[in-house]
There are 2 protein chains.
Amino acid sequence: MPHLDRSLIAEAPAFSGLDGAALDDILAHAQSFRIPKGEVAFRQGEPAEKFFLLLHGRLRVTRLNPQGQQMVVRFVNPDDMFGVAMAIQCDIYPGTATAAVDSLALSWPNSLWAGMIARYPALAVNAMRALGARLQDSQQRILDLSTQKVEQRIAGAVLQLAHQAGRPSEEGVKIDFPLSRQDLAEMTASTLHTVSRTLSAWEAFGLVECGRQRLTVRNEEGLQAIAKGVESE
Amino acid sequence: MPHLDRSLIAEAPAFSGLDGAALDDILAHAQSFRIPKGEVAFRQGEPAEKFFLLLHGRLRVTRLNPQGQQMVVRFVNPDDMFGVAMAIQCDIYPGTATAAVDSLALSWPNSLWAGMIARYPALAVNAMRALGARLQDSQQRILDLSTQKVEQRIAGAVLQLAHQAGRPSEEGVKIDFPLSRQDLAEMTASTLHTVSRTLSAWEAFGLVECGRQRLTVRNEEGLQAIAKGVESE
DNA sequence: AACCAAGTTTGCGCGCCGACAAACAGACGC
DNA sequence: GCGTCTGTTTGTCGGCGCGCAAACTTGGTT
């Protein structure tokens with residue numbers, strides 16, 4: 001009897017198509033651990049020794065260039081795998097994963113990956129799908145960076161966040177983890193100043209409601225119009 | 001005895017780790033076809049029915065946004081797989097693949113993919129590695145777009161092209177397929193005007209030598225210095 | 001050889017948005 | 001309550017590089 005219940009991971013897309021015995025087997029080798037807010041699961045450049053599944057919370061994955069400038073690569077949501085550097089033949093982590101809120105994750109040593117795929121081929125298929133989705137996402141982001149204006153990109157980022165981490169509240173969809181202007185700037189290749197100005201303008205129009213590290217989307221259609229490039233004049 | 005010789009694909013990373021019988025089996029289901037310069041292998045939005053391996057030539061993969069603006073996603077080199085939409089659970093091609101020069105490719109119907117991975121697990125590992133490399137690449141490009149100036153990005157793109165499609169010539173590394181200013185602009189989120197100006201300036205400094213759709217790198221270190229952000233004043 | 005189309009060069013002006021600066025506002029600890 | 005720290009707002013300025021326009025060059029075609 002495993003000390004972790006299989007229901008923890010049964011819902012994760014990464015493990016879909018696996019039966020109960022497989023889940024138990026996989027869980028038997030997993031280790032669970034907490035990541036307090038602000039702490040990191042791994043740092044860019046460290047040797048990649050483990051891969052992870054987020055059970056609860058939210059992580060921000062960032063990447064630094066040699067000049068020290070930083071960007072937000074993605075946010076990790078519950079049931080997402082992360083730190084899968086070895087799946088792509090990388091021996092060091094290409095980014096840093098920081099907890100945006102207190103989080104809980106499972107980890108497995110990298111050495112188990114090959115055996116797990118061999119034993120459960122569905123894992124490879126799921127992992128490939130996840131990678132593919134992230135690739136699509138990255139390419140879309142490149143296209144957006146190339147062709148859209150800052151305001152459109154910020155709108156797109158906010159909509160995406162509302163979609164993947166939004167929680168319906170009294171009036172509008174609230175993003176339920178601390179999100180600073182700086183974070184949005186690093187997601188959209190902008191600056192916190194521009195993001196701040198933009199959000200203020202949107203707030204004046206009733207499109208969003210924002211506070212310190214908090215953001216609520218009040219008018220999703222309006223933001224979508226901005227993201228699509230509809231001029232408001 | 002297959003009508004295609006296994007040596008055609010034996011060198012491709014996608015098929016590394018497979019034995020001769022497996023290669024023959026895979027080749028038996030492949031179809032070869034020519035793509036004349038300027039023609040497309042598939043178009044963005046078409047239902048994805050095949051996946052491909054480039055034998056010879058060079059393809060340019062582009063992507064359009066809803067507003068009709070275009071970017072260059074990547075160049076496909078010989079021995080690269082392309083159009084692997086189904087590997088990532090996509091039922092339409094997310095981009096358009098156009099031949100930059102007369103090219104030759106193999107294709108397989110998508111329906112064979114699942115069976116091929118099941119029979120030859122090394123295929124899944126190779127595919128995942130390739131996807132991972134492309135993901136790394138995309139994320140690096142996002143970081144570059146976010147943090148670098150246009151001139152640095154152009155230098156980076158030229159260096160990358162010289163590396164993956166360069167052929168040493170009399171003086172310098174020559175990119176051996178037709179590459180327009182517009183292409184470079186769509187790779188670097190810039191405009192052909194800016195690219196033209198930049199290349200002209202570089203040529204004056206002896207860093208490159210350029211003609212109509214042709215480009216030779218004469219001073220790789222110089223370009224690397226620009227790419228890294230060293231100011232020349 | 002003459003023509004044509006596609007690709008390239010170059011000039012000019014303006015606008016977006018980044019850089020800098022300084023004040024402001026919550027959150028937290030004591 | 002007070003002080004501090006982090007995150008946010010707002011103003012001003014300037015420059016990079018895009019948009020537009022027009023001339024030029026070169027390779028291919030008939």
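The basis for the numbers below is simple: all heavy atoms, side chains too, and nothing from hydrogens, waters or symmetry mates. Residue numbers begin at 1 in each chain, while the letters A, B, ... track the order of the sequences.
Geometric assessment of B:Lys50 against the ring of B:Phe82 yields a negative cation-pi assignment under the 6.0 Å and 45° thresholds.
Under 4.0 angstrom from either OP1 or OP2 of C:dG7 there lies no side-chain N or O belonging to B:Arg181. Note on B:Ser196: a side-chain N or O is less than 4.0 Å away from OP1 or OP2 of C:dT9. An OP1 or OP2 oxygen of D:dT8 is reached within less than 4.0 angstrom by no side-chain nitrogen or oxygen of A:Ser200.
Distance CG (A:Leu215) to P (D:dT8): 10 Å, rounded to an integer number of Å. A:Leu184 places its CG atom 15 Å from the C1' atom of D:dT9, with the value rounded to the nearest Å. The distance between atom CD1 of B:Ile154 and atom P of D:dC16, rounded to the nearest whole Å, is 14 Å. B:Leu192 has its CG atom 13 Å from the P atom of C:dT10, to the nearest Å. In this entry the distance linking CG of B:Leu145 with P of C:dG18 reads 13 Å, nearest Å. What separates CG of B:Asp183 from P of C:dG7 is a distance of 9 Å, to the nearest Å.
Counting heavy atoms from C-beta outward, A:Phe33 and A:Leu104 have side chains that stay 4.5 Å or more apart. Side-chain contact between B:Leu179 and B:Arg214 is absent, with no heavy-atom pair separated by less than 4.5 Å. Between A:Leu223 and A:Val217, the closest side-chain pair of non-hydrogen atoms falls below 4.5 Å.
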Subject >> Protein proximity profile, nucleotides 17-30 of chain D - base contact B, sugar-phosphate-only contact S, no contact -, cut-off 4.0 Å on heavy atoms >> reply: SSBBB---BBS---
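Using the six-membered ring where Trp is involved, B:Tyr93 and B:Phe42 have ring planes that are parallel, under 30° apart on the 30 and 60° scheme.
Legend: residues meeting side chain to side chain donor-acceptor pair (under 3.5 Å) with A:Arg181, ordered by chain and number and at least two apart, are absent.
Heavy atoms of B:Leu199 sit nowhere under 4.0 angstrom from any nucleic acid atom.
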